[in-house]
Trainee: 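Sending over a structure as structure tokens; questions will come in a sec.
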Amino acid sequence: MTDTNQRPDGGASSASEHLSTQYTPAEVEGTLYERWVEAGYFEADEKSDKPPFCIVIPPPNVTGSLHLGHAFEHTIIDSLTRRKRMQGYETLWQPGMDHAGIATQNVVERELAKEGKSRHDLGRDAFVERVWQWKEESGGRILGQMRRLGDGVDWSRERFTMDEGLSEAVQTIFKKLYDDELIYRAERIINWCPRCLTAISDIEVEYQDDEGELVSVRYGEGEESIVVATTRAETMLGDTAVAVHPDDGRYRHLVGTEIELPLTGRRIPVVADEHVDPEFGTGAVKVTPAHDPNDFEIGRRHDLPALAVLDERGVITAHGPFQGLDRFEARSAIVAALRAEGRIVAEKRPYTHSVGHCSRCKTTIEPRLSMQWWVKVGPLAQAAGDAVRDGRVRIHPKEMESRYFGWVDNLHDWCISRQLWWGHRIPVWYGPAGEVVCVGPDEEPPTGEGWHQDTDVLDTWFSSGLWPFSTLGWPEQTAGLEKFYPTSVLVTGYDILFFWVARMMMFGLYAMDGTPPFRTIALHGMVRDQFGKKMSKSFGNAVDPLDWMDKYGSDAVRFTLARGANPGVDVPIGEDWVQASRNFCNKIWNATRFALMNGATVEGPVPQAGELTAADRWILSRLNETVAEVDALYEDFQFAKLSDALFHFAWDEVFDWYVELSKTTLAKGGPQADASRRVLGEVLDVTLRLLHPVVPFVTEALWTALTGSESLVVAEWPDDSGFRDKQAREEIATVQQVVTEVRRFRAEQGLKPGQKVPARLGLEGTALVAHEDAIRQLLRLQPAEEGFQATASLPVAGATVSLDLSGAIDVEAERKRLAKDLAAAEKEKSQTTAKLGNEAFLAKAPEPVVEKIRARLAAAEQDIVRLTAQLDSLPDS
RNA sequence: GGGCGCAUAGCUCAGCGGUAGAGCGCUGCUCUUACAAAGCAGAUGUCGGCGGUUCGAAUCCGUCUGUGCCCA
């Protein structure tokens with residue numbers, strides 16, 4: 001247990017004593033988050049002079065709980081807003097939920113079912129009351145889970161699509177669209193879910209290949225018969241024609257005649273229609289206008305009656321022996337009956353074909369003729385497409401644009417009415433004399449004998465389409481709208497580009513006088529398991545992110561997700577990777593702990609270059625390059641790359657090399673040690689700032705300990721100072737080369753890592769002279785004393801390292817090592833020689849490339865000379 | 001059926017015209033006083049097949065195969 005975790009306001013000097021040797025996320029995360037909220041860091045001020053930065057949350061479903069997809073999306077959004085906040089923007093991350101009409105109603109109906117009741121037993125008002133009650137008690141679990149993740153949302157502005165204000169927005173835009181004749185009521189074939197008992201829109205239908213049957217049935221008798229093929233025999237009871245292609249010679253003589261429809265005794269016409277494919281099956285199709293969208297169109301063209309034979313639950317209503325049968329039972333029964341009459345000429349079973357299912361409950365969709373409300377999307381979709389086409393809205397990554405256009409430019413009218421009770425009720429009243437009145441939010445609905453309101457509610461997407469401005473107070477002209485609309489970025493999955501993004505574009509442009517709801521749409525992929533498989537409950541590979549957060553900390557989950565986030569690409573995640581991220585957090589923890597124990601400081605200015613060691617100058621140079629790199633990557637939503645850049649900079653450069661090199665300087669003391677303490681403080685300070693948006697908790701705990709400042713949440717985002725030092729960089733690279741080379745020798749000679757070895761360093765004439773102490777420290781090399789005998793001499797980077805291994809070295813190991821290097825050098829030589837011997841290459845390749853090859857050849861030749869000499873000097877074995 | 005994408009180390013992925021990279025995993029040696037949730041060293045790839053463009057192709061073009069997604 002460490003109390004510093006709870007007390008980051010403690011002074012830097014005392015802090016180090018309290019940091020435990022391992023990072024324990026659970027001790028830090030909860031308290032830090034609550035403090036951030038209490039401090040009001042996440043609250044947006046619309047009266048601020050700062051430039052605005054606003055992101056609306058893709059509203060999670062009120063019935064939902066946090067899954068990895070949310071965690072992924074929220075990590076991205078939170079990182080973007082945290083960085084912008086640090087950069088001095090007035091940031092608003094707008095939280096809230098949608099009411100999820102069908103899903104929520106299903107949940108509450110299931111609850112009722114346990115009590116043996118249906119919603120009809122309660123009646124509409126009591127049922128809606130019951131849903132609200134459920135929402136208060138069990139809904140919105142996800143909001144608490146968002147806190148665990150560290151989401152910096154403005155909780156004071158939380159919104160729900162069924163709130164009064166948002167409901168007013170819905171009514172307002174409905175009325176406006178109605179008055180503009182962009183909403184209308186019409187009888188059409190819609191996608192009907194016989195289980196949810198409501199219409200759903202085209203995009204709420206999921207198609208999948210199912211095994212069914214294809215039966216060919218002979219209609220009519222003798223010369224006047226036609227064979228039609230169908231997968232839906234049960235609908236034949238509602239057939240009102242047979243259609244053939246007008247140019248099809250086989251049936252020309254029958255067009256205009258009537259034939260007998262089996263089992264019914266009815267006679268139906270044979271019609272000619274261009275849309276019949278003469279190549280498919282027999283070239284003749286049965287026409288059921290009430291139960292198939294294509295047939296409905298044929299029916300319209302030929303003025304055929306639409307005869308409904310199924311009710312809302314998919315049960316046969318047609319009089320006769322099949323009445324009361326479910327659609328699937330009816331199918332078998334009807335096929336059997338047809339077979340008994342000798343009318344089945346062919347059967348194909350199983351016959352795999354594409355079948356639509358309800359995206360909510362997976363029930364097979366039943367196309368159904370019914371009266372519904374529609375949005376006429378033509379002009380709205382046109383505007384939504386144009387906003388992207390003319391660059392006012394940028395879709396990132398750009399490749400996703402074609403998908404957007406493909407959809408928006410081929411949009412069918414949108415069915416918005418749902419036969420549910422939970423949702424925004426359609427604000428239309430019908431009068432006794434057939435009047436239809438659409439009522440705005442500030443108007444009184446008509447009263448009196450015979451007036452009644454439409455019983456349907458609106459599609460949930462209708463209200464979530466208003467989200468970017470309804471949450472800011474629209475239709476009121478609020479200061480929030482003024483400040484934060486249009487929002488800056490929309491971060492969401494490519495899977496709801498159609499469901500949600502396009503709706504917001506249409507409504508935003510329409511309601512806000514042509515101003516799109518966001519400037520940039522940043523699309524991310526889907527979270528998958530560690531083998532790239534889609535996560536699903538039924539497959540058993542779904543993971544609860546809360547489990548991982550408990551086990552490894554929220555930062556670890558966040559970092560793993562960020563590190564996998566390539567724009568628009570699916571992100572696989574596995575527990576091993578979360579563990580690796582946790583290890584990284586622990587590494588940062590311990591490196592900072594080391595720094596604090598060694599007096600790293602952020603006090604005063606960073607000393608001038610002249611007062612710094614080469615290692616100091618090198619790491620400051622790299623630090624600034626990293627700031628610039630991370631900034632550029634943030635602007636491009638390249639989370640995977642920026643996380644990786646930070647990971648490698650922190651671990652491979654700061655922790656593995658700079659910290660190790662600084663140990664020698666710090667041990668010596670004096671002004672140079674003071675300077676290095678300041679540089680160490682600076683490097684950690686800036687690195688923690690850079691990491692904070694992605695891993696907010698561990699960085700906050702460490703940064704407050706390091707700096708004694710209030711909070712990293714409101715600290716300034718670092719700028720690239722422009723400092724670069726190429727010379728220091730080369731110098732340190734040489735040190736690394738020597739150290740690595742000798743380490744390799746040691747390892748292959750079987751020396752224990754900690755074993756001290758006497759050595760003589762020949763560094764004269766190289767930049768390494770200044771680094772002798774560090775090199776000795778890193779390589780565990782002792783001074784050469786009396787009786788020193790060099791048993792091995794390693795030439796590297798212009799210097800020589802001679803070691804006394806007190807006795808014979810392992811000649812075979814050394815020969816193997818040198819031979820391997822020599823082979824590599826010779827391969828390099830032959831490759832580069834071949835290139836340089838190619839006239840065409842010399843003539844056409846750009847000069848820098850040729851130069852590079854020449855340099856490689858020269859280096860290879862030097863290596864060969866050196867390695868050959870070393871090999872020759874080895875004693876024979 | 002139409003469209004889009006992807007095939008690179010055992011796994012998951014970067015790289016997208018000039019010496020094949022990362023993380024995890026794997027093999028050795030180490031509890032070296034920030035960290036064994038670590039350190040150091042090491043092994044591993046005809047960059048899906050075939051053709052073409054180019055001085056040069058994992059990278060550009062064509063084609064085939066496999067695979068995933070979206071739409072109908």
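By convention in this document, chain letters (A, B, ...) are assigned in the order of the sequence lines, proteins followed by strands, and residues within each chain are numbered from 1. Please read these numbers as outputs of a predicted model, since none were measured by experiment.
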Trainee: Out of B:C69, B:C55, B:A14, which nucleotide sits closest to the side chain of A:Ala840?
Mentor: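 Within the option list, the nearest is B:C55.
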Trainee: Kindly say if A:Arg744 contacts the phosphate of B:G42, meaning a side-chain N or O under 4.0 Å from OP1 or OP2.
Mentor: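 Looking at the OP1 and OP2 atoms of B:G42, one of them is under 4.0 Å from a side-chain N or O of A:Arg744.
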Trainee: Would you kindly give the NZ-to-C1' distance between A:Lys641 and B:G23, to the nearest whole Å?
Mentor: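 After rounding, the gap between these two atoms is 15 Å.
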Trainee: Can a donor-acceptor pair be found between the side chains of A:His524 and A:Glu73 at a distance below 3.5 Å?
Mentor: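 Result is yes, a qualifying pair exists.
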Trainee: Using OP1 and OP2 only, check whether a side-chain N or O of A:Trp651 sits under 4.0 Å from B:G39.
Mentor: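 Looking at the OP1 and OP2 atoms of B:G39, one of them is under 4.0 Å from a side-chain N or O of A:Trp651.
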Trainee: Near RNA chain B, under 4.0 Å by heavy atom, which residues of residues 575-588 of chain A?
Mentor: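 Heavy-atom cutoff 4.0 Å gives A:Asp576, A:Trp577, A:Ala580, A:Arg582, A:Asn583, A:Asn586, A:Lys587.
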Trainee: Looking just at side-chain N and O atoms, do A:Tyr658 and A:Asp616 make a donor-acceptor pair shorter than 3.5 Å?
Mentor: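 A pair is found: one side chain offers a donor N or O, the other an acceptor, under 3.5 Å apart.
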Trainee: Rounding to an integer number of angstrom, what distance separates B:C40 and B:G56 when you compare their P atoms?
Mentor: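 It works out to 42 Å between them.
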Trainee: Would you indicate, yes or no, if B:U12 has its OP1 or OP2 atom less than 4.0 angstrom from a side-chain nitrogen or oxygen of A:Lys533?
Mentor: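 So the side-chain polar atoms of A:Lys533 never come under 4.0 Å of the phosphate oxygens OP1 or OP2 of B:U12.
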Trainee: Give none if B:C26 has no partner; otherwise give the nucleotide forming a Watson-Crick or G-U wobble pair with it, both distances under 3.5 Å.
Mentor: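 Pairing partner: B:G42.
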Trainee: Can you tell me if A:Thr626 and A:Glu629 form a side-chain donor-acceptor pair at under 3.5 Å?
Mentor: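 Side chains of A:Thr626 and A:Glu629: no pair found under 3.5 Å.
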Trainee: Hey, does A:Glu812 have a side-chain heavy atom less than 4.5 Å from the side chain of A:Arg817?
Mentor: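 They are not in contact (no side-chain heavy atoms under 4.5 Å apart), so the answer is no.
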Trainee: Using Watson-Crick or G-U wobble geometry with both distances under 3.5 Å, which nucleotide pairs with B:U19?
Mentor: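 Its partner is none (no Watson-Crick or G-U wobble pair with both distances under 3.5 Å).
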Trainee: Nearest whole Å is fine: how far is B:G28 C1' from A:Gln749 CD?
Mentor: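 Computing the A:Gln749:CD to B:G28:C1' distance gives 15 Å.
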Trainee: Using the P atom as the reference point in each nucleotide, state the distance between B:G5 and B:A58 in Å, no decimals.
Mentor: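 That atom pair is separated by 22 Å.
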Trainee: So A:Asn598, base contact, sugar-phosphate only, or nothing? Heavy-atom distance under 4.0 Å.
Mentor: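 Nothing, no nucleic acid heavy atom in range.
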Trainee: Across the strands shown, which category fits A:Phe531 at heavy-atom distances under 4.0 angstrom: base, sugar-phosphate, nothing?
Mentor: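 A:Phe531: backbone/sugar contact only, no base atoms under 4.0 Å.
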Trainee: Within 45° of the six-membered ring axis of A:Phe639 and under 6.0 Å from that ring's centre, is NZ or CZ of A:Arg563 located there?
Mentor: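 No, a cation-pi geometry is absent between A:Arg563 and A:Phe639.
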Trainee: Across the strands shown, which category fits A:Val571 at heavy-atom distances under 4.0 angstrom: base, sugar-phosphate, nothing?
Mentor: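 Answer is nothing: A:Val571 stays at 4.0 Å or more from every strand.
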Trainee: Please determine, for the side chain of A:Arg528, which listed nucleotide (B:A34, B:G68, B:U30) has the closest atom?
Mentor: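 Nearest to the side-chain atoms of A:Arg528, counting from C-beta on, is B:G68.
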Trainee: Summarise how protein sits on nucleotides 16-22 of chain B as a single string, 5' to 3': B when a protein heavy atom is under 4.0 Å from the base, S for sugar-phosphate-only contact, - for no contact.
Mentor: --BB--S
